[in-house]
Every structure is written in C-alpha cells, then in structure tokens.
Amino acid sequence: MMKKALITGITGQDGAYLAKFLIEKGYKVYGGFRRTSTVNFWRLEYLKIKDNPQLELVEFDLLDQGNIYRVIESIRPQEIYNLAAQSFVGVSFKQPTLTAQTTGVGVLNILECIREIDKNIRFYQASTSELFGKVREMPQKETTPFHPRSPYGVSKLFAHWTTINYRESYGIFACCGILFNHESPLRGKEFVTRKITDAVSRIKLGKQECLEIGNLNVKRDWGYAKEYVEAIYQMLQHKTPEEFVIATGKSHTIREFIEAAFECAQMKITWKGEDVDEVGVDSNGVVRVKINPKFFRPAEVNTLLGDPKKSKEILKWESKTDMKQLCDIMMRADMARNQG
Ligand code: NDP
Ligand code: GDP
C-alpha cells in the first residue's frame with residue numbers, strides 16, 4: 001500500500017520541494033492549499049509536479065477546524081507535515097493577530113483533530129530559528145533557551161510547545177524541526193535573499209536601477225531548501241519523536257549576500273557612507289544599493305547561527321550547499337526569469 005502524507009502549505013517553498021521528494025519516495029501526497037480568488041501553483045509547476053497522479057490537491061485552511069477534521073478523516077494519512085503558516089516576520093508586526101491565529105493556534109487545530117481521529121498519525125511541525133531570537137548562546141542548539149522577537153516568533157513558540165505537549169500528553173508521534181533560514185529559487189520575493197537575487201539580476205539586465213534594503217549587518221545561517229526538506233522527512237521516520245536543529249553551521253551578513261549576488265552578475269560593489277546613509281556603488285560610481293528604513297523591524301534578530309551536530313550524528317543529515325553556491329543557484333534562476 002502506498003504511504004499517504006498530507007502536506008499543509010503545498011503552495012509554499014518547502015511544500016513544493018517536500019511534495020516532489022515524497023512523490024519520488026513513492027508516496028501519495030495530499031497537498032493542502034487555501035482557497036483564494038486566484039490560487040497560485042507556480043512552484044508546483046516549476047518543479048513539474050502539479051499534474052503528477054501521485055499528488056492530489058485538497059482545500060485546507062489552518063483557521064477552519066471543521067475543514068481540517070474532514071480533510072484528515074477522509075484521507076487518513078500516516079504522516080502530516082505542517083508547513084502552512086503566515087511565515088513572514090515583517091508582516092507579523094503588521095498582522096499580529098492573524099499570525100497568532102494561523103501560525104500559532106492553527107497548529108493546535110490540527111493536533112486536536114489528530115487526537116480525535118487517529119493518534120497514530122505522525123506529525124511534523126515547522127519550527128524555526130526565530131524561536132532563538134535575541135540569542136542566549138552561540139551557536140544555537142536544541143537546548144538553547146528561546147527568546148522570540150516578533151509576533152511570528154511568539155506564535156511559532158506556542159506551536160512548538162503545543163506540539164511537544166500533545167506528544168507528552170497523548171503519546172502522539174509529534175516533533176518539531178528547528179530549521180534555520182533556507183532559501184532557493186522558490187523563495188518568496190519578500191524574503192531578503194530572493195529580494196536581493198531578483199533585484200541584482202534586474203540591475204544587471206538594465207531593468208532596475210537600485211536595490212532598497214533594510215539592516216545590512218544582521219547575520220543569518222542560510223541553507224538550501226531542497227536539502228532541508230530531506231531532513232524534515234528523516235525526522236518523521238526516526239524511531240522517536242525529537243527536536244532537531246537543521247542548519248549549515250555558518251552565518252553571513254546581508255551585506256555579504258549582496259556582494260555575492262553582484263559577484264555572480266560580474267559586478268563589484270563598494271560601500272560608502274554610514275548608517276542609513278550608507279550606499280553600495282558599482283565600478284562606474286552608480287548607486288546600486290541604498291538603505292530604506294521602512295525595511296527595519298521594530299525588534300530585530302541580529303545573529304543566527306545553528307549547531308547542526310545532533311542532526312548530523314543522529315539523522316546523518318548535513319547541509320551541502322554554502323552561501324555562495326546558494327546565491328549562485330538563485331542568481332542563475334532569476335537571471336533566466338528576468339531575461340524573458
Ligand atoms: P511559505 O511562506 O513559502 O509558505 C507558507 C504556506 O502556508 C503557503 O502555502 C501558504 O499558502 C500557507 N498558508 C498561509 N496561511 C494559511 C492558512 N491560513 N491555511 C492554510 N495554509 C496557509 O513558507 P516556507 O515554505 O518557506 O516555509 C514552510 C514552513 O516552515 C512555514 O511554517 C515557515 O514558517 C517555516 N519555516 C521556514 C523557514 C524558511 O527559512 N523558509 C525557516 C524556519 C521555519 P498561500 O500560498 O495561500 O499563501
Ligand atoms: P527572517 O529571518 O525569517 O526574518 O527572513 P528574512 O529573509 O525576511 O529576513 C532576514 C533578515 O534580513 C532580517 O534580519 C531582516 O531584518 C533583514 N533584512 C534587511 N533588509 C531586508 C529587506 O529589505 N527585506 C527583508 N525581508 N529582510 C531584510
């Protein structure tokens with residue numbers, strides 16, 4: 001019998017990569033998407049799985065418990081991967097209540113249904129390095145105390161502990177992957193890496209003059225999403241439900257990522273000025289990067305650096321793509337897209 005998995009957030013970056021990965025493993029995949037006036041399946045199309053017979057799309061909304069109940073009851077999956085969320089930190093400051101309801105309480109809605117329908121369903125929750133926020137130790141590992149810095153982080157904290165609580169209370173195989181930032185050509189353009197590769201490729205092609213950015217000096221531990229979904233899968237196959245940090249173990253500033261992107265476009269950026277007046281100029285003296293304080297956050301997560309030791313030892317999972325290689329993959333994809 002084909003194994004059945006329900007992936008929530010199928011229209012998102014990780015949902016698309018995980019669906020492809022599970023299809024290749026022989027799963028029947030049910031992809032939960034929410035109804036909008038124009039549903040966007042571009043990522044599933046990009047990976048050429050939209051019309052795969054092993055993929056069935058089902059209407060699913062984290063905010064509607066009755067809907068969640070009927071979806072799980074009718075599919076009876078062995079595994080549920082909850083990747084759905086209001087996932088953008090920036091927006092969470094503008095829509096904190098919606099973020100809490102989807103990213104936080106939405107997870108409780110799913111767990112309540114699992115508790116009612118079948119406690120043998122394995123559940124994966126997409127936790128995040130944003131839980132560490134104002135970091136208490138370097139690097140961050142599974143035992144590092146949390147200190148979230150945004151409504152998104154706080155909502156994910158609720159989801160994280162609710163998942164562990166359902167494991168401890170009802171014996172459900174429920175676990176959380178604490179994933180550090182992971183990017184790809186499928187990343188949404190509001191996130192900083194994709195915003196940069198899209199803008200730099202457009203600048204290279206003469207379609208845009210300048211990139212407007214927020215804080216240049218924050219550091220992130222960026223990995224490749226395509227590899228991270230394999231760690232997600234392995235967590236759910238592991239003999240016991242446990243939390244794992246998934247990271248590269250290296251972190252870089254936004255400034256370095258911008259330099260890498262321009263390097264891929266055979267352009268060199270030199271930095272001039274300070275603070276909000278700092279600019280990046282190209283070899284002809286044209287300003288190509290400037291600061292716009294509108295992209296600053298009310299509370300910032302300054303540095304994230306993951307310790308991938310546990311996942312390497314136990315899951316035998318390791319990140320293979322460094323920041324420059326990742327930037328190169330994303331730049332190639334955006335050059336091709338923007339050329340059209
Ligand atoms: P995306 O933003 O690309 O995808 C989020 C998905 O959630 C989309 O499919 C979106 O649907 C869906 N969604 C939003 N609201 C609802 C709702 N009310 N009901 C049902 N579905 C909804 O995120 P990623 O793929 O990058 O990330 C996957 C998960 O991992 C998220 O939970 C994210 O918070 C978490 N995470 C991501 C990290 C990263 O670096 N990418 C790092 C750590 C954790 P729609 O297309 O309709 O908007
Ligand atoms: P996050 O780590 O989940 O918040 O992922 P993002 O890619 O949205 O942001 C990563 C970091 O880049 C954050 O610390 C942001 O403050 C910083 N940053 C700087 N400029 C920008 C910008 O223009 N857009 C975004 N999204 N982030 C920016």
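The basis for the numbers below is simple: all heavy atoms, side chains too, and nothing from hydrogens, waters or symmetry mates. First listed ligand is number 1; within each ligand, the first listed atom is number 1.
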Which ligand 1 atoms are under 4.0 Å away from a heavy-atom of [X]?
X      : value
Arg34  : 11 (O), 13 (N), 14 (C), 15 (N), 16 (C), 17 (C), 22 (C), 45 (P), 47 (O), 48 (O)
Thr102 : 18 (N)
Tyr152 : 33 (C), 34 (O), 35 (C), 36 (N), 44 (C)

More than 12 foreign heavy atoms under 6.0 Å from [atom1] of [X]: is that the case here?
X      : atom1 : result
Arg332 : CZ    : no
Lys141 : NZ    : no
Lys207 : NZ    : yes
Lys290 : NZ    : no
Glu274 : CD    : no

Could you walk me through whether Gln86 and Thr102 satisfy the side chain to side chain donor-acceptor pair (under 3.5 Å) test, starting with their C-alpha distance in whole Å, then the side-chain angles of each, then the deciding distance to 0.1 Å, before giving a yes or no?
CA-CA 6 Å; Gln86 191 303 93; Thr102 53; over 6 Å; no
Do ligand 2 and [X] have nitrogen or oxygen atoms that lie under 3.5 Å from each other?
X      : result
Phe88  : no
Glu212 : no
Arg187 : no
Thr193 : no

Among all protein heavy atoms, pick the one closest to [atom] and tell me residue, atom and distance.
atom                    : value
atom 28 (C) of ligand 2 : Val192 CG2, 3.5 Å
atom 20 (N) of ligand 2 : Gly214 N, 2.9 Å
atom 17 (C) of ligand 2 : Val218 CG2, 3.8 Å
atom 23 (O) of ligand 1 : Ser87 OG, 3.6 Å
atom 14 (O) of ligand 2 : Glu300 OE1, 2.8 Å
atom 8 (O) of ligand 2  : Arg297 NH2, 2.9 Å
atom 5 (O) of ligand 2  : Asn181 ND2, 3.5 Å
atom 23 (O) of ligand 2 : Lys195 NZ, 2.7 Å
atom 12 (O) of ligand 2 : Ile254 CD1, 3.2 Å

Which option wins on minimum heavy-atom distance to [atom]: [options]?
atom                    : options                        : result
atom 42 (C) of ligand 1 : Arg43, His182, Gln86           : His182
atom 14 (C) of ligand 1 : Ala85, Ala84, Gly15            : Ala85
atom 2 (O) of ligand 2  : Arg194, Arg220, Arg255, Lys189 : Arg220

Is the closest heavy atom of [X] to ligand 1 under 4.0 Å?
X      : result
Ser127 : yes
Arg187 : yes
Thr36  : no
Lys156 : yes
Leu179 : yes

Do [X] side-chain atoms and [Y] backbone N/O form a donor-acceptor pair below 3.5 Å?
X      : Y      : value
Arg167 : Ala174 : yes
Asn292 : Glu212 : no
Gln237 : Tyr233 : yes

Would you say Lys268 and Ser283 make side-chain contact, with heavy atoms under 4.5 Å?
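The answer is no; the side chains never approach within 4.5 Å.
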Any side-chain donor near an acceptor of the partner, Tyr27 and Glu79, under 3.5 Å
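Note: Tyr27 and Glu79 side chains meet the donor-acceptor criterion.
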Which ligand 2 atoms does Glu130 reach within 4.0 Å, using its non-hydrogen atoms?
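Matching atoms, with element in brackets: 1 (P), 2 (O), 3 (O), 4 (O).
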Atoms in ligand 2 flagged as close to Val89, the criterion being non-hydrogen separation under 4.0 Å
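Numbered from 1, ligand 2 contributes 3 (O), 4 (O).
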Ion pair check, Glu190 and Arg194, cut-off under 4.0 Å:
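Not counted as a salt bridge, because no side-chain N and carboxylate O are separated by less than 4.0 Å.
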Salt bridge (charged side-chain N to carboxylate O under 4.0 Å, His left out) between Arg255 and Glu278: does it pass, once the steps are laid out?
CA-CA 11 Å; Arg255 186 189 299 279; Glu278 186 168 6; 2.5 Å; yes
Kindly compute the distance separating CD1 (Ile49) from CZ (Phe41), expressed to the nearest 0.5 Å.
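The CZ atom of Phe41 is 11.0 Å from CD1 of Ile49, to the nearest 0.5 Å.
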Assign the ring pair Tyr124 / Tyr81 to parallel, tilted or perpendicular, where the plane angle (0 to 90°) is split at 30° and 60°.
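Rings of Tyr124 and Tyr81: tilted, 30 to 60°.
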Answer yes or no for Tyr152: is there a heavy-atom contact with ligand 2 below 4.0 Å?
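No.
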